[in-house]
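All remarks here apply to the structure that follows.
A quick note: this is a predicted structure, and the numbers were derived from the prediction, not measured. Atoms within a ligand are numbered from 1 in the order they appear, just like the ligands themselves.
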Amino acid sequence: MSRIYTAEEIAREVQNGSLWIVIHNSVYDLTKFYVQHPGGEEVLFDLAGKDGSQCFDSVGHSEEAIMLRDIYKIGDLEEDASLEQPAPTAKPDKKSEPAVTQDEDWQYRKTEAKERSLMPLVATVLAIYAFIIYYVWF
Ligand code: HEM
């Protein structure tokens, strides 16, 4: 039978250096796993002692990840326990990323387009130079 943990117990363990995270009322000890996490260590550290359900679900973890998660389950959170909710910045907002990148791309393309529009002018000037040098020398 799995153990029931109180919010205070979880907080105490985290203070003692363990990396415990609660996902859908199950308690996971990720102290040994965080170094192997494909999504990075930092996201897990930000959620130490907190509720990582929203974060875990929003990433769309694979079946393998869900099975792997079960290995680290140590128990359940007691009913009605109030855990600290993660700050909005602790969540990887995958949706906002492309928007920023697209915006930057747009600026990049704009500069690139401007540079490209100068190319015929530069080529013409160089051709005239080459023509003059050819005339003067020969
Ligand atoms: C027991 C807990 C967890 C396990 C076992 C786990 C496992 C994994 C695995 C195996 C992957 C590789 C991709 C996949 O197979 O889905 C992954 C990616 C990732 N995970 Fe987790 N994860 C856990 C918790 C979390 C939590 C709480 C967060 C939220 C901050 C998170 C954020 C991410 C991110 C951002 C990626 C990268 C996704 C990508 O690059 O597409 N993970 N995780």
Tell me which part of [X] gets within contact of ligand 1: side chain, backbone, both or neither, using heavy atoms under 4.0 Å.
X: Ile21; answer: neither
X: Tyr72; answer: neither
X: Asp46; answer: neither

Ignoring hydrogens and geometry beyond distance, is a side-chain donor-acceptor pair present between Asp51 and His24 at under 3.5 Å?
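Checked: Asp51/His24 side chains show no N/O donor-acceptor pair below 3.5 Å.
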Pair Asn16-Ser18, side-chain donor/acceptor within less than 3.5 Å
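Checked: Asn16/Ser18 side chains show no N/O donor-acceptor pair below 3.5 Å.
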Selected option - heavy-atom contact closest to atom 32 (C) of ligand 1, from Val22, Asp57, Val59, Ile66:
Val59
Suppose we only allow N, O or S atoms; which atom of His37 ends up nearest to atom 21 (Fe) of ligand 1?
NE2
Hey, mind stepping through Asp29 and Glu13 against side-chain contact (heavy atoms from CB on, under 4.5 Å) and telling me if it holds?
CA-CA 10 Å; Asp29 181 357; Glu13 280 299 324; over 6 Å; no
Contacts of type ring pair (Phe, Tyr, Trp, His ring centres under 6.0 Å), residue Tyr129, not counting sequence neighbours:
none
Of all the heavy-atom pairs spanning Asp76 and Val27, show the shortest one and how long it is.
C-CG2, 3.7 Å
Between Glu64 and Arg69, is the closest basic N to carboxylate O distance under 4.0 Å?
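Glu64 and Arg69: not salt-bridged.
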Please could you name the atoms of ligand 1 that [X] approaches to less than 4.0 Å, counting only its heavy atoms?
X: Leu47; result: 27 (C), 29 (C), 30 (C)
X: Leu44; result: 24 (C), 25 (C), 26 (C), 27 (C)
X: Cys55; result: 28 (C), 29 (C), 30 (C)

Under 3.5 Å between any N/O of Ser62 and any N/O of ligand 1: does that happen in this structure?
yes
Are any of the heavy atoms in Phe56 under 4.0 Å away from ligand 1?
yes
Starting from the C-alpha separation in whole Å, work towards a yes-or-no answer on side-chain contact (heavy atoms from CB on, under 4.5 Å) for Ile23 and Tyr28.
CA-CA 7 Å; Ile23 301 169; Tyr28 298 93; 3.6 Å; yes
